[in-house]
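A short worksheet on the structure shown next.
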Amino acid sequence: QVQLVESGGGLVQPGGSLRLSCAVSGGTFSTYAMGWFRQTPGKDRLLIAGISPRTGGSTYHEDSVKGRFTISRDNSKNTAYLQMNSLRPEDTAVYYCAADPNYGTMFGNPGFVRSWGQGTQVTVSS
C-alpha cells in the first residue's frame with residue numbers, strides 16, 4: 001500500500017514562498033506519476049500541477065499557478081515537491097499530494113487517482 005505524507009504547509013504573507021514536500025513509501029516511487037491538487041470549502045479538488053513518472057520529463061501547471069509554482073521530483077529521495085512563489089491570498093487552500101501509475105489519470109476525475117496524502121493547509125494572509 002502506497003503512503004503519501006505531505007509537509008511544508010503553513011501561514012505565509014502575500015508575495016512569500018513555500019515548498020511543499022510529499023514523501024512516498026510502500027511502492028516504487030519512480031514508476032508513479034505525481035500530482036498536487038488543492039481544495040477550498042465547497043469546491044472540487046483541482047489539479048494544479050502534475051509530473052510524469054521516471055524522469056519527470058512531462059510537467060503540467062494549471063494556468064493560475066503557471067510561472068509561480070513548480071512541481072519536481074527526486075526519485076533518490078522518493079519525494080515530490082511543489083515550490084510555490086509569489087503566493088496570493090487566493091492560493092489559500094488545503095493542498096493534497098497524489099500518486100498514480102498513469103499520468104493521464106491525474107487529469108480526469110480525482111476519484112480515480114490511486115493514492116492520496118492527508119493534505120496540508122496553506123494560508124496566504126497578511
Side-chain angles (χ1 to χ4, degrees):
Q1 182 73 13
V2 175
Q3 293 186 323
L4 287 67
V5 178
E6 298 110 336
S7 61
L11 173 64
V12 63
Q13 291 188 341
S17 297
L18 284 174
R19 188 177 78 158
L20 304 183
S21 299
C22 175
V24 179
S25 60
T28 305
F29 176 74
S30 64
T31 66
Y32 283 90
M34 300 299 297
W36 286 97
F37 292 71
R38 68 185 181 190
Q39 189 170 25
T40 54
K43 294 194 175 180
D44 292 336
R45 204 167 287 192
L46 173 71
L47 175 69
I48 57 167
I51 189 166
S52 57
R54 302 191 188 281
T55 64
S58 178
T59 60
Y60 162 82
H61 297 85
E62 195 269 336
D63 283 347
S64 69
V65 307
K66 202 172 291 183
R68 300 187 298 123
F69 293 10
T70 303
I71 190 171
S72 62
R73 66 188 301 151
D74 186 338
N75 292 337
S76 70
K77 296 182 178 179
N78 292 349
T79 301
Y81 303 96
L82 185 67
Q83 178 66 45
M84 305 187 295
N85 298 329
S86 302
L87 282 159
R88 305 167 179 169
E90 54 264 38
D91 294 319
T92 296
V94 178
Y95 285 71
Y96 294 91
C97 175
D100 197 280
N102 187 337
Y103 185 42
T105 302
M106 296 293 176
F107 298 90
N109 186 331
F112 293 113
V113 174
R114 183 171 295 189
S115 303
W116 293 93
Q118 80 284 0
T120 186
Q121 176 70 45
V122 171
T123 301
V124 184
S125 175
S126 56

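The residues of the chain are indexed from 1 along the displayed sequence.
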Point to revise | Atom pair OG1 (Thr92) and CD (Gln121), whose distance is rounded to the nearest 0.5 Å | key: 7.0 Å

Review point. Are Met106 and Val94 in one and the same hydrophobic cluster, where Ile, Leu, Val, Met, Phe, Trp and Tyr link if side-chain heavy atoms are under 4.5 Å apart?
Key: yes

Point to revise | Separation of Ser52 OG from Arg73 CZ (nearest 0.5 Å) | key: 7.0 Å

**Study point:** Min side-chain heavy-atom separation Ser125-Leu11 under 4.5 Å
**Key:** yes

**Study point:** Those residues that, when tested against Lys77, pass salt bridge (charged side-chain N to carboxylate O under 4.0 Å, His left out) (two or more places apart)
**Key:** none

Review point. Are any non-hydrogen side-chain atoms of Thr31 and Pro53 less than 4.5 angstrom apart?
Key: no

Point to revise | Nearest atoms (heavy-atom pairs only) where Gln39 meets Lys43 | key: NE2-O, 3.1 Å

**Study point:** From CD (Gln1) to CZ (Arg114), nearest 0.5 Å
**Key:** 9.5 Å

Revision key, fill the gap. Members sharing Val12's hydrophobic cluster, built from side-chain contacts under 4.5 Å between Ile, Leu, Val, Met, Phe, Trp and Tyr, are Val2, Leu4, Leu18, Leu20, Val24, Phe29, Tyr32, Met34, Trp36, Leu46, Ile48, Ile51, Val65, Phe69, Ile71, Leu82, Met84, Leu87, Tyr95, Val122, Val124

Practice item. Quick one: pull up NE2 in His61 and CG in Leu47 and give me the separation to the nearest 0.5 Å. Key: 10.0 Å

Review point. What is the minimum heavy-atom distance between Ser126 and Pro14, and which atoms define it?
Key: N-CD, 3.7 Å

Review point. Residues two or more places apart in sequence or in another chain: which of them pass salt bridge (charged side-chain N to carboxylate O under 4.0 Å, His left out) with Asp44?
Key: none

Review point. Would you find a donor on one side and an acceptor on the other, under 3.5 Å apart, between the side chain of Glu6 and the backbone of Gln118?
Key: yes

**Study point:** salt bridge (charged side-chain N to carboxylate O under 4.0 Å, His left out): pairs with one or both residues in residues 83-99, sequence neighbours excluded
**Key:** Arg38-Asp91, Arg68-Asp91

Check your understanding: By salt bridge (charged side-chain N to carboxylate O under 4.0 Å, His left out), which residues pair with Asp100, not counting sequence neighbours?
Key -> none

Exercise for review: Output every pair passing ring-ring contact (aromatic ring centres under 6.0 Å, His included) with a member in residues 100-126, not counting sequence neighbours, ordered by first then second residue.
Suggested key: Phe37-Trp116, Tyr60-Phe107, Tyr103-Phe107

